[in-house]
Structures are given as structure tokens and as C-alpha cells.
Asker: 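One structure follows; several queries about it will come next.
Keep in mind it's a predicted model, so treat the numbers as computed, not measured.
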Amino acid sequence: LCWLELDPSPIFCDYLRPSLLFQVWPLPKPQLGEPRDLSTLRMQPAQDDVLTLSQTLDGLLAKDTVQVELIPEKKGLFLKHVEYQVTSQRYKISVYRRYSDFDVFHEVLLQRFAYRVVPALPPKRMLKGVLTSLSEREFIEGRRRGLGRFINLVARHPFFSEDELVKTFLTFSGSDVQSRLRDTCKKMGDEFMINRIATQAKEYLPADIQAQFSTSREMIRNIHNSFQRLRDRAEKMVERSKDNASDLLMFGKELSTLGSDASPLPSLASSQSTWGTLRQSLKSLSVEFAVLSDKAAQQGRREEDDVVEKLNLFLDLLQSYRDLCERHEKGVLHEHQKALHKYSVMKRQMMSATVQPKEQASVEQLESRIVQQENAIQTMELRNYFSLFCLHQETQLIFTYLPITSHILGSFVNSQVQGHREMGEVWSELQPKLGCLFSGNNGLKHSV
């Protein structure tokens with residue numbers, strides 16, 4: 001066998017010698033290999049590991065830091081309302097938002113990302129008067145902190161952070177952010193409709209996905225319970241620091257009251273009594289105890305801001321994961337089961353219609369409904385697998401956040417070291433000043 005190689009150009013043909021007209025080229029020998037090797041030629045999914053989150057805690061925290069600050073109250077037409085200044089470090093812009101804006105943002109976020117961990121908002125309460133009582137001020141401060149945790153968890157989420165909804169909420173400075181958020185959500189649709197692998201999610205799931213999900217869910221539930229107890233203890237420490245600050249201040253005030261008493265000593269008092277001198281010295285000590293009180297209050301604020309707040313941030317994420325698991329079970333799976341039940345009822349009706357003579361139009365209508373229900377079931381099955389796919393990724397997100405434990409412990413230790421050092425310095429300065437209250441410099445060593 002041979003094949004002819006000719007140059008079709010005219011110039012070449014003019015000078016072509018007959019001896020060069022034909023040239024024999026050996027055919028290549030095919031390397032077929034073994035039949036078992038043909039299995040490697042099957043269609044393979046993309047090599048990208050789309051199921052695994054390649055994120056670190058530091059990377060998530062670096063995505064953005066959003067400050068939520070209370071701005072001076074504004075009076076509406078009938079009622080006063082609270083407004084917040086929301087500042088994104090990433091976008092370098094500040095916008096003003098009310099609680100209702102956060103509420104709508106949370107609503108559309110759930111519509112768009114129904115299969116992701118969407119943190120809950122702090123509770124809303126109708127306020128009769130804003131910042132007029134201690135309880136209301138504490139409630140508003142707690143709600144501000146809760147809104148701050150919510151928006152930071154959202155802004156740092158690996159999928160939310162790049163979404164147009166989040167960017168709109170953090171940057172839109174128009175008069176009606178709620179309408180803009182709703183319009184954006186309608187145009188974009190939910191994640192299942194636009195995700196490129198949504199309909200192929202089943203192919204990426206491990207065979208034991210249900211077992212993995214059950215094991216991870218139980219572990220995260222135990223972690224959640226432990227962190228709740230840690231938070232409760234940390235809150236008690238904050239309360240003790242605040243109580244300590246209050247007690248130290250009152251202790252100093254009582255000393256000042258004693259020192260301010262200018263009543264003459266009664267005649268029964270011994271001429272050797274030193275109460276008059278002691279009384280004058282006590283008044284000056286209230287200054288040091290006021291400083292001690294301030295240091296204790298600062299300690300309480302550090303514990304609240306650096307320890308309790310970080311614990312609450314992680315607890316908000318853990319709670320949103322539990323909410324997601326419930327949505328998966330009571331939402332996607334429940335709707336799928338309902339659709340299957342409805343489909344079985346239709347099939348029985350169809351079987352009955354084929355046995356008993358009925359109008360052709362009603363039979364055709366029933367057939368059309370069955371086809372529609374089959375399509376709905378197929379879509380629900382795809383959504384169910386995509387929900388499991390997202391749940392697998394959100395589980396990874398929880399474990400990515402777990403190293404925050406070291407951040408919390410570091411903040412706790414640092415706050416204690418700083419607090420005890422500052423308190424110790426004031427006590428050390430106070431100790432020499434007590435010498436005048438005793439007979440001699442060694443008075444502090446005497447026991448009663």
C-alpha cells in the first residue's frame with residue numbers, strides 16, 4: 001500500500017521529474033492497547049473540585065469588615081426611628097440603613113440563597129420611646145451588635161461576598177434601597193437557576209453523602225452546645241467586671257463620705273485617738289478607687305467586645321447552619337415527598353380512567369397534568385441534590401470557621417493580662433498612700 005503526495009502548484013508540476021512522481025510512505029502501526037484501557041475514554045466530569053471550598057479563616061475575615069454604628073435619632077412624621085451607619089472597608093463607603101432595610105435584605109437573600117447559611121437577624125421590637133430608658137438603650141445596643149454580626153458573616157461568605165445583592169446593600173445610596181434589592185433579586189433569580197453545575201450536582205456528591213451529613217450535623221450540634229455554654233460563662237465574667245467596677249466606685253464614695261464628716265469628736269473619745277487624722281486621709285482615697293472602678297469597667301468592655309462578641313459571631317453562624325438543615329428537611333425533602341404523593345394519586349386516577357369509560361377531553365387533561373407533575377418531580381429531585389451539594393459546602397464553611405476558637409482564647413487571655421496589669425499598677429500606687437493611716441510605715445503588715 002502507498003499514498004501519493006503531489007504538490008498541486010503549477011510551478012512544481014512544470015519541473016516535476018517522473019522519477020519523483022511517486023513516493024512510498026509506510027503506514028503507521030496503530031497502538032490499540034488492551035480492551036480494559038478503553039474504560040478511561042469515558043466522559044469524565046470536569047477536573048475542578050467544585051465541591052471543596054478552598055478557603056481559610058484568615059481569607060474569609062480579610063474579605064471585608066463592616067461597621068454598623070448607631071447615628072443620632074431622627075424623628076419621622078409620627079414615630080421616632082433608629083438609623084444605622086453601615087461602613088464597608090472593602091467598598092470604602094458609608095450608607096444609612098434602617099432595621100426594615102436589613103429585614104428586606106435578609107428576605108431577598110433567603111430567596112436567592114435558600115440552600116446556604118443565611119444568618120438570622122436580631123429581633124425587632126416596637127419602641128415607644130427611643131433611648132429614653134436603660135432597657136431600651138440596652139436593647140438597641142444589642143440589636144446594633146446583632147446587625148453587625150449578620151452583615152459581617154454575609155459580607156465574608158465565599159458565595160455571598162461577590163453577589164450583586166450584597167454589593168447593592170453595602171453601596172447603594174439612593175432613597176429606596178428596598179425596591180432596588182427586590183428588583184435585583186427578581187432579575188437574577190435564585191442560585192439554582194443560574195449555577196452552572198446545579199443540574200449536575202448529583203455527579204459531584206460522594207456516594208455516602210447522607211452518612212457524612214448525619215455525622216457532621218451531630219458533631220456541629222455538639223460544638224454549638226459547647227460554645228453556647230462558653231458564651232454564657234463569658235457573659236457572667238462581663239457582669240462580674242461591671243459589678244466590680246460599680247462596687248469599687250461605691251467603696252470609694254463611702255470612704256469619701258467618712259472623710260467628709262466634719263463633726264467634732266465627742267468628749268468620750270480618747271485624747272490619743274487618731275480618728276481625726278484618719279478621717280481626713282480617707283477622703284483622698286476615693287480618687288484611687290474611682291480609677292480602679294474605671295479600670296474594671298474597661299476590663300468588662302474588653303471582655304464583651306473581644307470575647308463575647310466573637311463567641312456570638314460564631315454562634316450566629318452555627319445557628320444558621322442548624323436552620324439550613326431544617327430548611328433542607330422540612331422544605332426540599334418535604335416538598336419532594338408531597339409531589340411524589342400527588343403523582344401517585346394522578347397515576348391511580350389515570351388507571352381508573354382507562355378501565356372505566358370517560359370523556360376523551362378529561363383523559364387528555366389528566367395526561368397533561370401527569371406530564372407536568374413528572375417535570376415538577378424531576379426539577380425537585382435536581383433541587384434536592386443541589387441542596388445536598390450546597391449543604392456539603394456549608395458544612396465545610398463551619399469547619400473553616402472553627403479556628404476562630406484560637407482567636408477567642410487569645411482575646412480572652414490578652415484582656416485578662418491587660419486588665420490585671422492595669423489594676424495591679426493602681427493598687428501598687430495606692431499601697432504607699434495608706435502609710436499615713438497607720439502608726440509607722442510597717443502598719444500594712446499588721447494583722448487585726
Asker: Test of understanding: with side-chain hydrogen bond (donor to acceptor under 3.5 Å, both in side chains), list the residues that count as partners of Gln55, not counting sequence neighbours.
Answerer: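 side-chain hydrogen bond (donor to acceptor under 3.5 Å, both in side chains) check on Gln55 returns nothing, list empty.
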
Asker: Do Asp49 and Thr52 pair up side chain to side chain, a donor and an acceptor below 3.5 Å, judged on atom types alone?
Answerer: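 Yes.
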
Asker: Does Asp176 have any salt bridge (Lys or Arg N to Asp or Glu O under 4.0 Å) partners at least two apart in sequence or in another chain, and if so, which?
Answerer: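 None.
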
Asker: Has the side chain of Arg143 got a donor or acceptor atom that lies under 3.5 Å from a matching backbone atom of Lys124?
Answerer: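 No; zero donor-acceptor contacts below 3.5 Å.
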
Asker: So, Glu83 side chain and Ile71 main chain: donor-acceptor pair closer than 3.5 Å or not?
Answerer: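 No.
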
Asker: Looking only at atom types and distance, does a side-chain atom of Thr215 sit under 3.5 Å from a main-chain N or O of Gln212, one as donor and one as acceptor?
Answerer: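 Flag not set: sc Thr215 to bb Gln212 has no pair under 3.5 Å.
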
Asker: When you measure from the side chain of Gln299 to the backbone of Asp294, do you find a donor-acceptor pair of N or O atoms at a distance under 3.5 Å?
Answerer: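 Side chain of Gln299 to backbone of Asp294: no pair is present.
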
Asker: Verify, without hydrogens or angle tests, whether Asn152 (side chain) and Val66 (backbone) share a donor-acceptor contact under 3.5 angstrom.
Answerer: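 It does hold such a pair.
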
Asker: Name all pairs fulfilling the side-chain hydrogen bond (donor to acceptor under 3.5 Å, both in side chains) condition that reach into residues 308-319, sequence neighbours left out, sorted by first residue then second.
Answerer: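 Residue pairs passing side-chain hydrogen bond (donor to acceptor under 3.5 Å, both in side chains), neighbours aside: Arg145-Glu309, Arg149-Glu309, Arg149-Asp316, Arg231-Asn312, Lys310-Ser411, Gln319-Asp323.
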
Asker: Above 12 or not: heavy atoms from other molecules or residues under 6.0 Å from CZ of Arg180?
Answerer: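 No, CZ of Arg180 has 12 or fewer neighbouring heavy atoms, counting only those of other groups under 6.0 Å.
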
Asker: Hydrogens and angles aside, do His224 and Arg322 bring a side-chain donor and acceptor to less than 3.5 Å of each other?
Answerer: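 Yes - a donor-acceptor pair under 3.5 Å links their side chains.
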
Asker: Is there a donor-acceptor pair under 3.5 Å between the side chain of Arg156 and the backbone N or O of Thr65?
Answerer: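 Checked: no pair found.
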
Asker: Decide yes or no on side-chain contact (heavy atoms from CB on, under 4.5 Å) for Ile151 and Phe169, but give the supporting numbers first.
Answerer: CA-CA 10 Å; Ile151 192 60; Phe169 184 80; 3.8 Å; yes

Asker: Filter on salt bridge (charged side-chain N to carboxylate O under 4.0 Å, His left out), then keep only pairs touching residues 406-415, sequence neighbours left out; what's left?
Answerer: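 For residues 406-415: none.
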
Asker: Could you tell me which non-hydrogen atom of Leu53 sits nearest to which non-hydrogen atom of Leu397, and how far apart they are?
Answerer: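 What the structure gives for the nearest pair is CD1-N, 4.0 Å.
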
Asker: Quick one: OG on Ser173 to CD1 on Ile93, what's the gap to the nearest 0.5 Å?
Answerer: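 If I round to the nearest 0.5 Å, the distance is 5.5 Å.
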
Asker: Between the side chain of Asn195 and the main-chain N/O of Glu191, is any donor-acceptor distance below 3.5 Å?
Answerer: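 It does not hold such a pair.
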
Asker: Return the set of residues passing salt bridge (Lys or Arg N to Asp or Glu O under 4.0 Å) with Asp163 (not counting sequence neighbours), or none when no residue passes.
Answerer: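 Salt bridge (Lys or Arg N to Asp or Glu O under 4.0 Å) list for Asp163, sorted by chain: Arg112.
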
Asker: Looking at every non-hydrogen atom in both residues, tell me the closest pair between Ala155 and Lys63 and how far apart they are.
Answerer: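 So the minimum-distance heavy-atom pair works out to O-CB, 4.0 Å.
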
Asker: Holding to salt bridge (Lys or Arg N to Asp or Glu O under 4.0 Å), I want the full list of residues that pass it with Asp101, two or more places apart in sequence or in another chain.
Answerer: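 In terms of salt bridge (Lys or Arg N to Asp or Glu O under 4.0 Å), with neighbours along the sequence ignored, Asp101 is linked to no residue.
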
Asker: For Tyr91, is the OH atom crowded, meaning more than 12 foreign heavy atoms sit under 6.0 Å from it?
Answerer: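 Atom OH in Tyr91 is crowded, with more than 12 foreign heavy atoms closer than 6.0 Å.
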
Asker: When you look at Ser286 and Phe251, which way does the side-chain contact (heavy atoms from CB on, under 4.5 Å) test go after all the steps?
Answerer: CA-CA 8 Å; Ser286 63; Phe251 194 91; over 6 Å; no

Asker: Going by an N to O cut-off under 4.0 Å, is there a salt bridge joining Asp190 and Arg383?
Answerer: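 Yes.
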
Asker: Decide if the gap between the ring center of Phe386 and the ring center of Tyr115 is smaller than 6.0 angstrom.
Answerer: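 Yes, they do, as the ring centres are separated by less than 6.0 Å.
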
Asker: Between Arg221 and Glu218, is the salt bridge (Lys or Arg N to Asp or Glu O under 4.0 Å) condition met? List the steps.
Answerer: CA-CA 5 Å; Arg221 186 185 68 84; Glu218 180 65 18; 2.7 Å; yes

Asker: With distance as the sole test, does Ser226 use its side chain to make a donor-acceptor pair with the main-chain N or O of Asn222 at under 3.5 Å?
Answerer: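 The answer is yes, because a donor-acceptor pair under 3.5 Å joins these two groups.
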
Asker: Does the ring of Phe102 carry Arg97 above it, NZ/CZ under 6.0 angstrom from centre and within 45° of its axis?
Answerer: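 No cation-pi geometry.
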
Asker: Could you walk me through whether Phe159 and Gln393 pass the side-chain contact (heavy atoms from CB on, under 4.5 Å) test, one step at a time?
Answerer: CA-CA 10 Å; Phe159 297 101; Gln393 290 185 324; 3.4 Å; yes

Asker: Determine, stepwise, if the pair Tyr84 / Tyr96 fulfils ring-ring contact (aromatic ring centres under 6.0 Å, His included).
Answerer: CA-CA 6 Å; Tyr84 304 93; Tyr96 298 99; over 10 Å; no

Asker: Kindly indicate, with the supporting measurements, whether the criterion salt bridge (Lys or Arg N to Asp or Glu O under 4.0 Å) is fulfilled by Arg301 and Glu304.
Answerer: CA-CA 5 Å; Arg301 287 192 292 271; Glu304 188 170 24; over 6 Å; no

Asker: Does atom CZ of Arg233 have more than 12 heavy-atom neighbours, drawn from other residues, nucleotides or ligands, at distances under 6.0 Å?
Answerer: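 Open.
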
Asker: Could you label the plane-to-plane angle of the Phe150 and His106 rings as parallel, tilted or perpendicular, counting under 30° as parallel and over 60° as perpendicular?
Answerer: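 Judged by the thresholds at 30° and 60°, the geometry between Phe150 and His106 is tilted.
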
Asker: Please identify each residue that fulfils side chain to side chain contact (heavy atoms under 4.5 Å, CB included) with Leu402, with sequence neighbours left out.
Answerer: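 Testing Leu402 for side chain to side chain contact (heavy atoms under 4.5 Å, CB included), a comparison that skips the adjacent residues, returns Ile223, Phe314, Phe399.
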
Asker: Any side-chain to backbone donor/acceptor pair from Tyr99 onto Pro122? Under 3.5 Å, distance only.
Answerer: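 The answer is yes, because a donor-acceptor pair under 3.5 Å joins these two groups.
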
Asker: Sequence neighbours left out, what passes side-chain hydrogen bond (donor to acceptor under 3.5 Å, both in side chains) with Ser241? Give chain and number order.
Answerer: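 Ser241 satisfies side-chain hydrogen bond (donor to acceptor under 3.5 Å, both in side chains) with Glu303 only.
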
Asker: Do Asp306 and Ser415 get their side chains close enough for a donor-acceptor pair, meaning under 3.5 Å?
Answerer: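 No, no side-chain donor-acceptor pair sits under 3.5 Å.
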
Asker: Show the nearest heavy-atom pair for residues Phe160 and Val166, with the distance to one decimal.
Answerer: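 Where Phe160 meets Val166 most closely, the heavy atoms are O-CG2, 3.1 Å.
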
Asker: Using the side chain to side chain contact (heavy atoms under 4.5 Å, CB included) criterion, which residues pair with Leu324? Sequence neighbours excluded.
Answerer: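 By the side chain to side chain contact (heavy atoms under 4.5 Å, CB included) rule, Leu324 matches Val117, Arg327, Leu391, Glu394.
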
Asker: Does Arg182 have any salt bridge (Lys or Arg N to Asp or Glu O under 4.0 Å) partners at least two apart in sequence or in another chain, and if so, which?
Answerer: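 Expected list: Glu107.
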
Asker: My understanding is that only residues two or more places apart in sequence, or in another chain, count here; which of them pass side chain to side chain contact (heavy atoms under 4.5 Å, CB included) with Ser94?
Answerer: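 Residues passing side chain to side chain contact (heavy atoms under 4.5 Å, CB included) with Ser94: Gln85, Thr87.
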
Asker: Any chance you could lay out the side-chain contact (heavy atoms from CB on, under 4.5 Å) test for Leu170 and Asp64, step after step, and finish with the verdict?
Answerer: CA-CA 11 Å; Leu170 292 176; Asp64 200 357; 3.9 Å; yes

Asker: So Glu329 and Arg217, salt bridge (Lys or Arg N to Asp or Glu O under 4.0 Å) or not? Walk me through it.
Answerer: CA-CA 13 Å; Glu329 292 180 339; Arg217 185 179 184 182; 2.5 Å; yes

Asker: Within a strict 4.5 Å, meaning less than it, do heavy atoms of the Cys325 and Ile220 side chains meet?
Answerer: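 Result no, sub-4.5 Å side-chain heavy-atom pair not found.
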
Asker: Taking side chain to side chain contact (heavy atoms under 4.5 Å, CB included) as the definition, give me every residue that meets it alongside Arg240, ordered by chain and number, with sequence neighbours left out.
Answerer: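 Listed in chain order: Lys236, Met237.
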
Asker: Taking atom NZ of Lys167 as the centre, report whether more than 12 heavy atoms of other residues, nucleotides or ligands fall under 6.0 Å from it.
Answerer: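 Incorrect, the count does not exceed 12.
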
